[in-house]
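Structure first, commentary second.
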Amino acid sequence: MSSDLAVKTREPDPLPPEKAPFFSRPSGKIFLIWLAMTVVGVLIGFYAPHHLLPTMLSVEGRAVWATVVLLTVLAAPVAAFVYGVGFYSLVAWRQRGYGQSDEPPPDGPPLRGNSGLTILWLVVSGVLVVVMLVWGLAELASENATHPNSLQVDVTGQQWLWTFSYPGAGNLETRSLVLPDNRTIVFHVTSEDVTHGFWPVELGVQVDANPNVVTTIQATTNKLGAFTVRCSQLCGLYHSFMYASGAVVTPQAFAVWLHAHGASALTASDVARVSSSS
Amino acid sequence: MTTAAAPALLEDTQLSSRAGGLYRHQNIVTGLIGGIGLGAIGWALSHQFLQGSNWGTDMVVTVTMAGWVIGLLLGIGAFNAPVLWMLGHDQTHEDELYLAGVGQGPRRYWKFCTDHKVVGVQYLIAVFTIFGVGGTLAMMIRTQLVSAHSSFLGANAYNAIVSVHGMAMIVATIIMVTGPFGNFIVPIMVGAKDMAFPRLNALSFWLLFAAVPPLLATFVLGGVDAGWTTYAPLSVQAPPAMDAFAITILTFAVSVTLSGINIIVTVLTMRAEGMTLNRLPIFTWGAVIGSALGLYAMPAFMVGMVMMITDRVSGTSFFVAAVGGSGWLWENIFWIMGHPEVYVILIPPVAAMLEVVSTFARKPIFAYKVTVGAFIAIIALSIMVWAHHMFTTGWAPDLNGPFMLTTELISIPTGIIFLCVIGTLWRGSIWTRLPMYWAYLFLWNFIIGGVTGIYLSDVPADNYFHGDMFVTAHFHYTLLGGAMIAAVAAFCYWFPKVSGRMLNERIGKVAFWMVAIGIQITYFGMFWEGFEGMPRRVAYYDPIFLHANQMATVGAYLLMAGFVVLLYAIIHSWVHGRPAPANPWHAKSLEWMVPTPVPLENFLVEPVVTADPYGYGEPEPAAPAAEPEREPVPVGSAETTAGEPV
Amino acid sequence: MSEKPGRERKPKALGIILTFVAVAIGVAVVAILFHAQTYTSPVGTQVAKSVGTVTVNGQTLQHVTLAFNTYPDASGSVDGQAIHPGGNPSWPSYGPTNQFQVPAHALVTVTMRQYDSGGSLNNPWFATVRGTVGSVARINGRLVHAVNPNNVGHTFTVRGAPGTDPGFFVNVPLPAVPGNNQSDNGQYETVIFSFVSGSQGVYGWNCEYPCGTSVAGFGGPMSAFGYMSGFLHVV
Ligand SMILES: [Cu+2]
Ligand SMILES: [Cu+2]
């Protein structure tokens, strides 16, 4: 048995001598792979959010976009390094002819660790974490800052519909969410029954709607357009039907809309029509 | 004791006809009779006396399911010995041997058997079965989502299936490595004859067995419509299926706790001479560290579920805000369990995969001590990150910053795992046998899972991605693409030792490519859905998400087909495979030094360990983990006894 | 057992059969469970009756009618057809079916009888008639645009699956009959309303009065498809 396990260190060592040009050494080749994959990763970091995220209508939504780009750019070199070493090892150090063999290839070099490399690895990942953290905390602080002249909108989730009311405007209650542009909107969110997730997708924020509790989240609109409110928390049978349409409109249009919906929608001609048809 | 006759000797020991006592007549059939019987008695009594109350149906379901669990354990004989002790008797040595399965051939796999290798195989079959159910449910989910407004399942069935898919997969992944290999391999790896508590070991398996039928019964009890996270008050409002679901979790949590204690005590107290802590194989470390974390996580789940049951059957209001409770309380308890739990799932398979990487790179594990330290750092940090699942709930917004800190810190020790893998691969002699294929796939997937995880750790980005398909894709990349693929690597690695047969690598590689490509298609489809803003767990969706969903569904079918091909390779090899030598990979840890099939009590001569099992390329004294001259069975002779179906 | 290493010489049939059996058992188990899971929901779809054309807001539309009721329990039958075959007979339910089919952009006139008692809505917003022609409903012969939010039996509230016509929304509160909870005393409220259907697609309707179990009243019949929920298929 001991003969089976006799050490068969690979001879000769496949590493070229130290004075070989950098790019013909494994580290040089891995560097090139790393560089190429980092570039690919960074390109993905710019492409994916730009083409896949919906058009954001708020400052917070733009922050989501920027965060995804930044984090991808930070992560790309790390991922590229792991992939680079992993797949270089597969291409360069795979022992050909042993894939079907019951005999193992000769042993590799007994490298049990490298404290310098380990420390470097820890330092690099520590620095990346600090950068991520500082970015995240800064974003968080700006999202929580209070703004003058904000508009309060009360959001009520119930199985399985959203309703919205505008306390500043005679408690008008609607099932679609109309917001003025260039204004900080403070959503006061609650639920009539179970937990829902209030998620105006294109505003890039969300908060749960909990029964008997009011949670708040704010978003500052900065672009005109339509958006969708979805429920992001499984809430039972018709969870998937729980969405509402919304729009960011000009402040003038918002004022007009508020005024139009403040009045009763019932008119005499409507009454006449129903009576004649039934 | 002559060496050649030794394995046969223990197997063929003629026990007296009284050995085992009552236990001689107990097996899975009496277990099922006991379970169904006591369940029926529980149903009849509770139906008679409790049905009229406010919470009648919930009480009936709870009592019935609890009756099933206790009855099954009674019927299979789990409590025979404790009852004997209470009566002032004790089991004889012969009884113990009978309990360990001596002289019962394949029948012992259907019994309450204390042999850790039998329990390991029982776990293995259970894991495959649960994965089969969970996978089939996943296919139904993906089929519903192949068109935007499909009528394939309907909203009720869809929610019920989503919940059971989630819980079944969580159950299976928690035990997929510590169950089969923590039981079969760990004791041999550390040089022990069995687990520290063999009877507890059998109990933990049969608790798991008892936990699964109530989970499936949820389908006929109205379905759990609250997802596997069962957020309150939706779960308090859910149909009686939720009571069965809670019994499943209580039973399963006890099972995981017992099995965790067993693994920890075994490794701490039963190591062979010379097996110092810094010579422990890294998988043993992983199993111990994962189990230790389970001891922290599972009690929270138990307590939470007991409170959930009382809310449902007796009108307490721990989690019902309208009458003084708080849904956030449940969410906290759940994630105090839930986030550590993902590392309970992850660490054992990753550690097992490191064994694979070392063996097939023919190199020692790189930075062994740092990696063990990283595992410990992960579990230490993992108990302080739970509220990153609650960034958007509105609970404690002031803590979002601190939880973002702890969550991002955990990426530092997780990064060490990558360092360990690529350091081990560096200049290795890469031997591309099947287990190594899966290890590379782990590396590919886990990077993607990790990178997408950092978006979710960032609160402002999580404010967009939380609760949408991006999260689903992310955790499938880490738990399926990472943990489960690492577990498959470990499975392919230890299959020859467990089954006595070599796995058919040709079919296995077909399965590998189907799974590898299927994962990428499926979950890139889901990332796409997530970027576009599709919420999770919806049965009907906006047609703007149609193409991304179709991509995910096509990938999921390929993925499932790949796993069916893998299942075929496994069953085929288990039946027809080439008999395996004792040490097919020429690895150096103790489980490869014992014959295949492994005899009862594993070692014919107690091993003495002189070095860690990673002495690849190092000079002789450190090479074999066991002293060669004391090893009685030559590797070659194992082939004459190999191939006994287990 | 005596098999020697080398290419597998045994027929491979056993492995194939075992795999097949394992997969078949798995699929069968799930299929059986799935069958049990497709909760008994009322059978059949009520296709709206065409009764000619009508002019609304200067547009000529096809005019169709639907007729269905709400019952305090699902044990009864309508025209010899059980409301919920095999379902939970004690739950309140719409009947005779929960699936309706109407043409797109047509005037749909619904005639309902509401047999159930009731109480307060979780959200009084649903006490207002919304989305019908004129935002009114004819309740026991009187045109109203809202009912007392504390005396509602059920509501008929329709909205689309995601991605369907966002403008199509109907909410009609159905007043409660006097009496105790779920007393089937044969009294009913007649509710008639008309709405213009949206574009093609799957629309879901449900009841917003908490007539179910648990704290918020949305358990039981409210959460099991078919009693207080259903589909309006616009074709
Ligand atoms: Cu919701
Ligand atoms: Cu109702």
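Per chain, numbering begins at 1; letters A, B, ... match sequence-line order.
- For Phe470(B), the ring pair (Phe, Tyr, Trp, His ring centres under 6.0 Å) partners two or more places apart in sequence, or in a different chain, are Tyr455(B), Phe465(B), Phe527(B), Phe531(B).
- With a 4.5 angstrom heavy-atom cutoff, Ile448(B) touches chain A via backbone and side-chain atoms both.
- No part of Leu203(A) comes within reach of chain B, as not one of its non-hydrogen atoms sits under 4.5 angstrom from that chain.
- By the 4.5 Å heavy-atom criterion applied to side chains, Pro109(A) and Lys363(B) are counted as neighbours.
- Residues satisfying the side-chain hydrogen bond (donor to acceptor under 3.5 Å, both in side chains) test with Thr220(A), not counting sequence neighbours, are Thr184(A).
- Among Ala238(B), Ala539(B), Ala232(B), Pro460(B), the residue with the largest count of heavy-atom pairs under 4.5 Å with chain A is Pro460(B).
- Pro26(A) places none of its side-chain heavy atoms less than 4.5 Å from the side chain of Arg427(B).
- Every residue was checked against the ring pair (Phe, Tyr, Trp, His ring centres under 6.0 Å) condition with Phe46(A), not counting sequence neighbours, and none meets it.
- Contact count against chain B (heavy-atom pairs under 4.5 Å) is highest for Leu111(A) among Thr118(A), Leu111(A), Val205(A).
- Proximity to chain A is limited to the backbone of Arg536(B), based on heavy atoms less than 4.5 angstrom apart.
- Of all the heavy atoms in Gly236(A) and Asn159(B), the pair that sits closest is O-ND2, 3.0 Å.
- Between Thr195(A) and Pro233(B), the shortest heavy-atom contact is OG1-CD, 3.9 Å.
- The OG1 atom of Thr392(B) sits 5.0 Å away from atom CG of Asp208(A), with the distance rounded to the nearest 0.5 Å.
- Taking His239(A), Met56(A), Glu139(A) one by one and counting their heavy-atom pairs under 4.5 Å with chain B, the maximum is reached by His239(A).
- Both the backbone and the side chain of Leu90(A) have a heavy atom closer than 4.5 Å to some heavy atom of chain B.
- Using a 4.5 Å cut-off between heavy atoms, Pro584(B) touches chain A through its backbone atoms (N, CA, C, O) alone.
- Counting all heavy atoms, side chain and backbone alike, Ala321(B) lies closest to Pro211(A) at CB-O, 3.4 Å.
- In this structure the side chain of Leu409(B) reaches within 4.5 angstrom of the side chain of Val129(A), judged on heavy atoms.
- With respect to chain A, the highest number of heavy-atom pairs below 4.5 Å among Tyr440(B), Phe391(B), Phe360(B) belongs to Tyr440(B).
- For Asn144(A), no part sits under 4.5 Å from any heavy atom of chain B, backbone or side chain.
- The backbone N or O of Gly617(B) lies less than 3.5 Å from a partner atom in the side chain of Asp107(A), making a donor-acceptor pair.
- Atoms CG and CD, from Leu71(A) and Glu408(B) in turn, are 7.5 Å apart once rounded to the nearest 0.5 Å.
- Considering Trp431(B), Trp585(B), Tyr616(B) in turn, Trp431(B) is the only one that fulfils the side-chain contact (heavy atoms from CB on, under 4.5 Å) rule with Pro104(A).
- Both the backbone and the side chain of Ser232(A) come within contact range of chain B, with heavy atoms under 4.5 Å apart.
- Ranked by heavy-atom pairs shorter than 4.5 Å toward chain A, the options Thr407(B), Asp542(B), Thr229(B) are led by Asp542(B).
- If you tally non-hydrogen atom pairs under 4.5 Å between each of Ile365(B), Leu425(B), Leu434(B), Thr452(B) and chain A, the highest count goes to Leu425(B).
- Within the 4.5 Å cutoff, the side chain of Met132(A) has heavy atoms near those of the Ile454(B) side chain.
- Only the side chain of Gln237(B) comes within contact range of chain A, judged by heavy atoms closer than 4.5 Å.
- There is no contact between Val214(A) and chain B, counting heavy-atom distances below 4.5 Å.
- Top candidate by heavy-atom pairs under 4.5 Å with chain B, chosen from Gln159(A), His51(A), Gln100(A), is Gln159(A).
- Contacts between Asp462(B) and chain A at a heavy-atom distance below 4.5 Å involve the backbone alone (N, CA, C, O).
- Only the side chain of Ser411(B) comes within contact range of chain A, with at least one heavy atom under 4.5 Å from a heavy atom of that chain.
- Residues Arg112(A) and Pro364(B) come closest through the heavy atom pair CG-CB, 3.8 Å.
- You'll find the side chain of Arg230(A) stays beyond 4.5 Å of the side chain of Asp468(B), heavy atoms only.
- Close approach to chain B, defined as a heavy atom under 4.5 Å from one of its heavy atoms, is seen in Ala79(A), Phe81(A), Val82(A), Tyr83(A), Val85(A), Gly86(A), Phe87(A), Ser89(A) of residues 78-89 of chain A, taken by number.
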Is there a side chain to side chain contact (heavy atoms under 4.5 Å, CB included) between Leu122(A) and Ile416(B) once you walk through the steps?
CA-CA 8 Å; Leu122(A) 285 172; Ile416(B) 290 291; 3.6 Å; yes
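- Contact annotation for Trp395(B): neither backbone nor side-chain heavy atoms come within less than 4.5 Å of a heavy atom of chain A.
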Evaluate the criterion side chain to side chain contact (heavy atoms under 4.5 Å, CB included) for residue pair His466(B) and Trp199(A); output intermediate values, then yes/no.
CA-CA 9 Å; His466(B) 184 86; Trp199(A) 182 24; over 6 Å; no
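- Counting heavy-atom pairs under 4.5 Å between each of Gly197(A), Cys235(A), Ala63(A) and chain B puts Cys235(A) at the top.
- The side-chain heavy atoms of Met404(B) and Leu133(A), taken from C-beta on, include a pair separated by under 4.5 Å.
- The most heavy-atom pairs under 4.5 Å with chain B, out of Leu117(A), Asp102(A), Val201(A), come from Asp102(A).
- With a 4.5 angstrom heavy-atom cutoff, Ala548(B) does not touch chain A via any of its atoms.
- Between the side chain of Arg433(B) and the backbone N or O of Ser101(A), at least one donor-acceptor pair lies under 3.5 Å.
- A heavy-atom distance below 4.5 Å is not found between the side chains of Val538(B) and Tyr243(A).
- With a 4.5 Å cut-off on non-hydrogen atoms, Met242(A) does not touch chain B at all.
- In this structure, chain A has heavy atoms under 4.5 Å from both the backbone and the side chain of Ala322(B).
- Proximity to chain B (any heavy atom under 4.5 Å) is restricted, for Asn210(A), to the side chain, taken from C-beta onward.
- In this structure, Pro105(A) and Ser429(B) approach most closely via the heavy-atom pair CG-O, 3.8 Å.
- The part of Glu143(A) that comes within reach of chain B is its side chain, from C-beta onward, which places non-hydrogen atoms under 4.5 angstrom from that chain.
- Contact record, Trp328(B) with Thr215(A): CZ2-CG2, 3.7 Å, taken as the closest heavy-atom pair.
- Contacts between Gln206(A) and chain B at a heavy-atom distance below 4.5 Å involve backbone atoms as well as side-chain atoms.
- Contact annotation: the side chain of Val451(B) never approaches that of Thr72(A) to less than 4.5 Å [non-hydrogen atoms, C-beta and beyond].
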Using side chain to side chain contact (heavy atoms under 4.5 Å, CB included), reason through Trp121(A) and Val370(B) one step at a time and then give a plain yes or no.
CA-CA 12 Å; Trp121(A) 185 273; Val370(B) 179; over 6 Å; no
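- With a 4.5 angstrom heavy-atom cutoff, Glu532(B) touches chain A via backbone and side-chain atoms both.
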